[in-house]
There are 2 protein chains.
Amino acid sequence: MIEIERKFLVTSRAYQGQATLKERIVQGFLNTHPERTVRVRIKADSAFLTVKGKSNEAGTMRFEWEKEIPVPDAEQLLSICEPGVIDKVRYNVPVGQHIFEVDEFYGDNEGLIVAEIELASEDEDFEKPEWLGQEVTGEVKYYNSQLGKNPYTSW
Amino acid sequence: MIEIERKFLVTSRAYQGQATLKERIVQGFLNTHPERTVRVRIKADSAFLTVKGKSNEAGTMRFEWEKEIPVPDAEQLLSICEPGVIDKVRYNVPVGQHIFEVDEFYGDNEGLIVAEIELASEDEDFEKPEWLGQEVTGEVKYYNSQLGKNPYTSW
């Protein structure tokens with residue numbers, strides 16, 4: 001499938017009070033090449049292997065393929081991932097007709113908070129909550145695949 | 001799981017008459033880093049995603065994880081793989097208590113024929129058929145992940 005997403009920085013923690021779900025995510029990458037990333041993710045009690053292709057020029061559309069895998073398999077695969085595993089807490093925050101996924105990063109990316117919204121088309125309108133900051137859609141340094149190698153606290 | 005394998009060149013096509021199975025394999029790689037290769041394979045009517053870790057020093061043991069996936073998914077994933085898709089015909093050839101997998105390569109690797117045997121332990125004995133040539137276990141240039149980038153006909 002093709003994913004259409006926009007990504008923003010976050011300016012306050014007000015989203016926490018509006019969240020309907022909060023879960024810990026630990027993930028690593030078997031490949032961080034931007035044209036074919038391969039991600040291993042443990043999210044609460046489930047695990048997934050996800051392949052993402054190259055973005056379009058605007059950075060809004062990207063091929064994505066995902067398969068659920070057993071958690072013990074994911075743990076084995078994490079052990080051979082590239083150095084720099086990502087540890088974050090994700091909040092699902094409904095705003096108007098959409099749900100923002102807000103990721104608070106820990107470890108070497110402590111202090112970084114990013115919100116993503118999935119859209120049905122590139123020009124779909126959506127409500128912007130007051131905690132939504134600067135747009136960073138398509139900026140490669142905010143890709144999770146890059147945050148392992150070049151973490152936020154080193155910028 | 002950990003895979004124990006030895007790999008050999010092949011000196012004649014006599015194995016063809018001893019084969020119990022012959023099937024076409026088309027495969028590509030989402031990652032060819034020898035510490036974490038990610039392979040997409042279509043084998044006859046099935047498809048698989050396979051992750052392999054680093055070998056031990058002798059090249060005989062390697063972490064391997066595999067999951068069957070739908071063929072249309074594999075076709076989509078092949079389209080974003082690294083350039084250099086591998087096209088080969090595999091023969092399963094029983095010899096004594098073991099089965100050799102003999103791969104005849106086509107395309108840019110035309111002329112290369114390699115036989116692999118899976119063993120229960122590194123020092124397990126096995127019968128050597130007369131068509132078995134020089135051992136190439138652990139030689140990285142014979143890894144399928146390398147044959148896409150640096151094919152046999154260019155050696």
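As a basis for the values below, the full set of heavy atoms in this structure was taken, side chains included, without hydrogen atoms, waters or symmetry mates. Values in this document were obtained by computation on a predicted structure and should not be read as measured data.
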Hits for side chain to side chain contact (heavy atoms under 4.5 Å, CB included) against E122(B), two or more places apart or cross-chain, chain-then-number order -> I4(B), N56(B), A58(B), T60(B), M61(B)

Nearest heavy atoms of I80(A) and V51(B), plus distance in Å: CD1-CG1, 3.7 Å

Within a 6.0 Å radius of atom CG on D108(B), are there more than 12 heavy atoms belonging to other residues, nucleotides or ligands? no

For the NZ atom on K149(B), are there more than 12 heavy atoms of other groups (residues, nucleotides or ligands in this structure) within a distance under 6.0 Å? yes

Path from W155(B) to V140(B) over hydrophobic side-chain contacts below 4.5 Å: no

Which distance, rounded to the nearest 0.5 Å, do you find between the SG of C81(B) and the CD of E35(A)? 12.0 Å

Correct closest heavy-atom pair for K67(A) and P70(B) would be NZ-CD, 4.1 Å

hydrophobic_cluster_shared for V95(B) and Y91(B), side chain cutoff 4.5 Å: yes

Distance check, rounded to the nearest 0.5 Å: T32(A) atom OG1 versus H33(B) atom NE2? 9.5 Å

Any donor-acceptor pair under 3.5 Å linking the side chain of N31(B) with the backbone of V38(A)? no

Name the member of D73(A), T37(A), L49(A) that forms the most heavy-atom pairs with chain B at distances under 4.5 Å. D73(A)

Enclosure of Q97(B) CD (heavy-atom neighbours >12, cutoff 6.0 Å): no

Does any part of the side chain of L77(A), heavy atoms only, come nearer than 4.5 Å to the side chain of F63(B), both counted from C-beta? yes

